[in-house]
Amino acid sequence: MNTRKDYIAVFDSGVGGISVLRHLRRVMPGERYLYFGDSANAPYGTKTKEEVKQLTFAAAQTLMERGIKALVVACNTATSAAINDLRAAYPELIVIGIEPALKLAADKFPGGRLCVMATPMTLREEKFAALMHRYDQNCTVYKLPAPGLVELVESGKADSPEMDALLRGLFAPYRGQLDAVVLGCTHYPFAAKAISRVLGEGVTLLDGGDGTARETKRRLKEAELLEEGEGSLTIENSKGDQRLIGLSWDLLR
Ligand code: DGL
């Protein structure tokens, strides 16, 4: 039974899900949010599917004990590893998972040249293969696994010379050849400035944060669980490190 006090839990492997939380709070300001970043175990994207599934279930279990009415998996990697199993395990709970915004990109750029940047695991999984298959007949879709970005964002270096150097290497084969880049990992929107510096302002950057927030609102409304009171936010991190809590609040702005 959900009560007025129940939280919307937002989960990611670290601080990346804050990019989704920003949209959630804009779309539903009257909610109580509980953000949990599992930075002690980040990055997820270079782990096996089994490892990510176990970590995601451990986090979901802990969050369930806090009293939640919805779980937003604000991590593309955890969504691809565990979303179906999570929904099966918690049939009463609203479970939303973020996915790379390829549909948004294909709608905006019919026949366009699109690059999906994500963790190696997201791009390797069946869920992404099925998504890509829906759009790669009409558009040219490049997959760009981008290990290393998450670590830089987690260490507060999203907009730094180190990030520029990493991105220059990753994008070297695609410069001048892209209409849009899909930021298929929730950490990447924090590197948007650096990505635009490397690719030029003419390349559109898209992510699934807004769509995920709207879908969460739609589901809560349908279940008559939307709150319009005074919102609140609690941020927790498995690393127990004040620097990461501070970074999370900074990234929210
Ligand atoms: N932020 C996560 C995502 O959206 C992954 C980061 C990680 O590799 O831990 O995919």
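One-based numbering, in listed order, for ligands and for the atoms of each. In this chain, residues are counted from 1 in sequence order.
- Taking the charged nitrogens against the carboxylate oxygens, Arg197 and Asp159 do have a contact shorter than 4.0 Å, which makes a salt bridge.
- With sequence neighbours excluded, no residue forms a ring-ring contact (aromatic ring centres under 6.0 Å, His included) with Tyr90.
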Practice prompt. Please test Thr122 against Asn76 for side-chain hydrogen bond (donor to acceptor under 3.5 Å, both in side chains), starting from the C-alpha separation and ending with a verdict.
Written response: CA-CA 7 Å; Thr122 298; Asn76 296 263; 5.9 Å; no

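- When every heavy atom of Arg219 is checked against every heavy atom of Ile96, the shortest pair comes out as CG-CD1, 3.7 Å.
- For ligand 1, the 4.0 Å heavy-atom shell takes in Asp12, Ser13, Pro43, Tyr44, Gly45, Cys75, Asn76, Thr77, Thr119, Val150, Cys185, Thr186, His187, ordered by chain and residue number.
- The residues Asp6 and Arg66 are annotated as not salt-bridged, no charged nitrogen and carboxylate oxygen being separated by less than 4.0 angstrom.
- Glu92 has no carboxylate O lying under 4.0 Å from a charged side-chain N of Lys69, or vice versa, which leaves the two without a salt bridge.
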